[in-house]
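Reckoned from all heavy atoms, side chains included, excluding hydrogens, waters and symmetry mates. A, B, ... follow the sequence lines: proteins, then strands. Residue 1 opens every chain.
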Amino acid sequence: MKSKECLKENKTAKIPLVVIGAPTATGKTSLAIELAEIFGGHIVNADSMQVYRYMDIGTAKPSPEERRRVTHHLLDVVNPDEEYNAALYAEQARTVISGLAREGRPVFVAGGTGLYIRALLHGIIETPPVDENIRNYYKGLRDRHGREYLHGLLKTRDPLAAARINPNDSVRVIRAMEVLDQSGRSIVDLQQDHAFADCPYDACRVGIRVDRETLKSRIAARTERMVEDGLLEEVHGLLERGYGENLKAMQSLGYRQVVEFIRGRHSWDRAVELINRETWLYSKRQMTWFSADKTIQWFDPDESGNVRKTVQEFFSGKHFGKNDP
RNA sequence: GGGUCGGUAGCUCAGUCGGUAGAGCAUCGGACUGAAAAUCCGAGUGUCGACAGUUCAAUUCUGUCCUGACCCA
């Protein structure tokens, strides 16, 4: 995953960064705020859904009060119907972080989207921007002829990619097609050349581990809070603004199930049940992702003192320009 | 009280014209390079309601009982 170059480059030349990446509902938001306050830092969001405006409750975005306490970056950067993705995120996050580094401001990256964190820390292949027409063309092919057909097509054009992608995984099959059409190169070639070797940061990786039963009850509490805070009203508001259910953002966890309720496809209780269940499944996927990363140091939720010590040690001796903490 | 249709994996259900069973979801594990809160892959799971009868063999046929839904009284 991580390239050798990444490890052997001179660390002192790199921007130091604390990255808190953990499953949902483990308390990373409050940990990040606590640390940022102590060290006088800013928080850079690494959550793929909190970048959308008007989606506050269902994404568990930091509250206005929390955002007053600590400056957050990359929240509310696009409307729900705008294109957003890992490459855009990496580009914007790197720009923000460069600015903060120039001010000597400690940076805390916090979020649960593993791909976004990876793209930020290690880069992502460079390809032309997504062309909706091309994407829709292949989606159409898939819908009319099936996934196997699409994979067969990829096999004739890019056998290397076809061999690596499961025929049922049409999202990745389509992506490989796009890359080939737009760049003329196989996505596999681009990936091999890239190899996540673009590493401008010296990252201190922190994770929070919560035992499964506790996490389940935290998820239930989180869902309940969202409902109390007005998740239903938020979704109604989004629909009224014209953000329809087929948008990527509206298919995300919580929003999809509430839209289904509003459309009368299931009861409210069923919607809540599904949100809980799918949030749990999501958190397990996050655990799979993050636990594969051996650079992460794991802490229990009540160990914020130890995290603080770890961060302190990490920052000591780093160059922060004029405002060393 | 009579009738009809059910009782099979944690859940919803399919199936076996008699040779001890399967799908989806859940569970567990995994992948992830411009959709990632997305998308996909792999694995396990059962005294087939109870008891008896017929049979070489019953979850499957027969009987009784228990139990659920509905209909008629």
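The same atom, P, is picked in rU12(B) and in rC51(B); the two are 23 Å apart, to the nearest Å.
Residues Tyr149(A) and His151(A) keep their aromatic ring centres 6.0 Å or farther apart.
Distance from the side chain of Leu115(A) is smallest for rU33(B) among the nucleotides rA35(B), rA31(B), rU33(B). Of the candidates rU39(B), rA35(B), rC28(B), the closest approach to any side-chain atom of Arg212(A) belongs to rC28(B).
The side chain of Tyr116(A) places an N or O atom within less than 4.0 Å of a non-bridging phosphate oxygen (OP1 or OP2) of rA36(B).
Between Ile125(A) and Gln251(A), the residue anchored closer to the 5' end of RNA chain B is Ile125(A), taking for each the nucleotide with the nearest heavy atom. Residue Gly123(A) is the one, among Gly123(A) and Met49(A), whose nearest nucleotide of RNA chain B lies closer to the 5' end (criterion: closest heavy atom).
Using a 4.0 Å heavy-atom cutoff across all strands shown, Arg164(A) reaches no nucleic acid atom at all. Heavy atoms of Thr113(A) sit under 4.0 angstrom from primed sugar atoms or phosphate atoms, though from no base atom.
Base-pair partner of rU39(B): rA31(B) (Watson-Crick or G-U wobble, both distances under 3.5 Å).
Applying the 3.5 Å distance criterion, the base of rA36(B) shares a donor-acceptor pair with the side chain of Arg172(A).
Each of Thr29(A), Thr59(A), Asn45(A) was evaluated against Gln50(A); a single residue qualifies, Asn45(A), per the side-chain hydrogen bond (donor to acceptor under 3.5 Å, both in side chains) test.
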